[in-house]
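Down below is the structure, laid out as structure tokens.
Naming convention: chains lettered A, B, ... in sequence-line order (proteins, then strands); numbering from 1 in each chain. Nothing here was measured: the structure is a model prediction, and the numbers come from that model.
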Amino acid sequence: MTATDVPATDVPAAGAAAGTGAAPASAPRELGKPTIVVSGLNVVYKVLATGKRATKPQRLLQRSAGRRGMREIHAVRDVSFVAREGEAIALIGVNGSGKSTLLRAIAGLLPAESGRIWAEADPTLLGVNAALINELSGERNVLLGGLAMGLTPAQVQERKAGVVEFAAIGEFIDLPMSTYSAGMGARLRFAIASAAVHRILLIDEALATGDAMFQRKSQDRINELRAAAGTVFVVSHSLGVLRETCTRALWLDKGALVMDGPVAEVVDAYESATAKR
Amino acid sequence: MAPSDVAAPPAPPPTPAAPPAGSSAGSSPPPGAPPVDGPHRPVPMDPARAAQLATEGGLAPVNEIPPIGTYLRQIWQRRHFLWSLASFRFSAANSQDRLGPLWNVLRPTLQALIYTTVFTLLFPANAKNIDNYPEYVTAGIFVFTFLSGCLMSGAQAVVGDLGLVRTIKFPRAVLPLAGTVLNLLSFLPAVAVLLVILLILGQRPDVAWLAVVPAIGLMALFAAGVALFNARMTVIIRDFTQLLPFFLRLMFYVSGIVVAVDKLAVAEDHAVLGAVLTYEPFFVYMELVRNSLLDGQVATGRVWIAGAAWAVVALVGGLLFFWRGEQQYGR
């Protein structure tokens, strides 16, 4: 993809349209105070490239072990934005554009190469790909997950039954998670992660797995959580759902923020840009 | 993409998305990004302005290392998590074996039996110089099993639980500390078995046995410190886990499990080497435990001081070293 693939006319032109385009977006409602500030964020993965053979034996000695075959992947490039109370923000972009990485950086799970992130409360990442401890039973993972998120033992005990019921995995709750099917594991992880009420909620493709019934249930749960949360981020490829549920969208491309605005306009621009590829 | 940069409106209209930004100087879209222009082109934010906005709103930095005091408090807040992680792992560890957790005791006991047999029947030279040789070897093996277990589980603590680390935010020091507690859980029953073995071998129960409690306490603090150190070392260099078994094998021979290293000819002839062999931590803790439990052995004040010093140095050093890397563990 090159820059010329996307003519600037896809989005309202800068000049005359700017006034009219921005007015409805900024006018309708008063936004709350900032809940997340991201400033000049860069995230770089350092990966050991495998499969390459050192051509000469000396090479192994010449380079220090830590440097050998090190590949840098610039996953998030100079991203800045402010999220405010009451916003539901969609992150859109093609696969590998840095959406999930940005979420994990906001959650404090990934170090930033440069730039800073501030948040009102500890943001919680809600995903179905989250791994827990496979050799332990589902029940014990429920307890551990709650405690790790910072719930007290009393709170965990209180919510355990609800989590188990929500995950609907029946007698498997006493078996190690390694015996679970992919869907069962995903359901339990989602149930654990959504057990606490979060001020800042980061949802990563939460609806991607599970059967139709669970998708319905998890969508309801997300709506509940969103009602209670101050700010919500959603990563998803289902643009229709995003249009319905979000107020604002960030469009990422190759790690950089290319557009930031009301969800309808950004998704429109994104759709017309991807349609032309 | 250059034209869109140049053509950017001098003062972008504020959208709900774009924070009131300072200057837009010095930032441009990366090569290959679609040139989006218009009202919703993201506006670069002045870092100082961002910091001001965050401070005014009472926001806290997310992915930065907290001050050490805060960090220790966070670990304390997760103490229930730490304990559950250790105890659940402990009960799951040998769940596939018929004899279950009994193996935690059987393993070192069988080892002690083998070493005692080999070194009293086949190579009796050392055994002659030590009173109560079977007890001496058994106590040594049990202590070594605990220490090496802590060091190994410490090295695996973060890299072995990456799934958890990448999912939930909590002070990562909980992981190596839970590993130490897990080893302690299998060591304490082993101590009970050791006492039974001592009684069978003819030792008399004594009030002096109580000294084993502070001895184990200091040893556990030392082990926790080294586990923290190892956990970050493995994150920095994965190869560390390959080297660790060799280090432990070396310590096995050097720290006098089957030999009284402090009374060897080399140690007595060579002052520096003798001091190293006598005051290295593995031997120190082995001596503290043996001196507490075995007849005819008395712990000197020096050994206790060495044990306390190693515990403090390892724990403080390990904790600070691990804390400095707190942001690296999710990679």
Which residues from residues 55-64 of chain B are near chain A, with near meaning under 4.5 Å between non-hydrogen atoms? B/Gly57, B/Leu59, B/Ala60, B/Pro61, B/Val62, B/Asn63, B/Glu64

Look at the side chain of A/Thr231 and the backbone N and O of A/Arg84, then say whether any donor-acceptor pair between them is shorter than 3.5 Å. yes

B/Tyr71/B/Phe322 aromatic ring centres below 6.0 Å: no

Heavy-atom cut-off 4.5 Å, strictly under: side chain, backbone, both or neither for A/Ile117 against chain B? both

So, is the end of the B/Arg238 side chain (NZ or CZ) under 6.0 Å from the ring centre of B/Phe240 and within 45° of the ring's axis? no

Using a 3.5 Å distance criterion without hydrogens, assess whether the side chain of A/Glu85 forms a donor-acceptor pair with backbone atoms of A/Thr35. no

Most chain B-contacting option - heavy-atom pairs closer than 4.5 Å, from A/Pro123, A/Gly108, A/Ala83: A/Gly108

Does any backbone or side-chain atom of A/Val156 lie under 4.5 Å from a heavy atom of chain B? Answer side chain, backbone, both or neither. neither

Is the NZ or CZ atom of B/Arg79 positioned over B/Trp76's six-membered ring, under 6.0 angstrom from the centre and within 45° of the axis? yes

If you tally heavy-atom pairs under 4.5 Å against chain B, which of A/Leu110, A/Thr152, A/Leu252 wins? A/Leu110

Under 4.5 Å from a heavy atom of chain B, the part of A/Leu143 involved: side chain

Counting heavy-atom pairs under 4.5 angstrom with chain A, the leader among B/Gln328, B/Gln74, B/Gln327 is B/Gln327

Stepwise side-chain contact (heavy atoms from CB on, under 4.5 Å) check, B/Thr145 with B/Arg107: CA-CA 9 Å; B/Thr145 304; B/Arg107 247 178 282 125; 5.8 Å; no

Proximal component of A/Ile89, with respect to chain B [non-hydrogen, under 4.5 Å]: neither

Which atoms of B/Ala93 come close to chain A, meaning under 4.5 Å heavy atom to heavy atom: side chain ones, backbone ones, both, or neither? neither

Under 4.5 Å to a heavy atom of chain B? For A/Val43 that would be neither

Polar side-chain atom of A/Glu265 near backbone of A/Pro262 as donor-acceptor pair, under 3.5 Å: no

Backbone N/O of B/Asp239 and side chain of B/Gln242: donor-acceptor pair under 3.5 Å: no

Please look at B/Val174 and chain A and tell me whether the side chain, the backbone, both or neither of the residue comes under 4.5 angstrom of a heavy atom of that chain. neither

Using 4.0 Å as the upper bound for N to carboxylate O, is an ion pair formed by A/Glu135 and A/Arg140? no

Contact part of A/Ala107 toward chain B, heavy-atom cut-off under 4.5 Å: side chain, backbone, both or neither? backbone

Between A/Ser137 and A/Asp174, is there a side-chain donor-acceptor contact under 3.5 Å, judged purely by atom types and distance? no

Quick one: what part of A/Ile106 sits under 4.5 Å from any heavy atom of chain B, side chain, backbone, both or neither? backbone

Quick one: closest heavy-atom pair of B/Thr180 and B/Ala220, and the distance? CG2-O, 3.9 Å

Measure from NZ or CZ of B/Arg78 to the centre of the six-membered ring of B/Phe170, then state whether that distance is under 6.0 Å and the direction lies within 45° of the axis. no

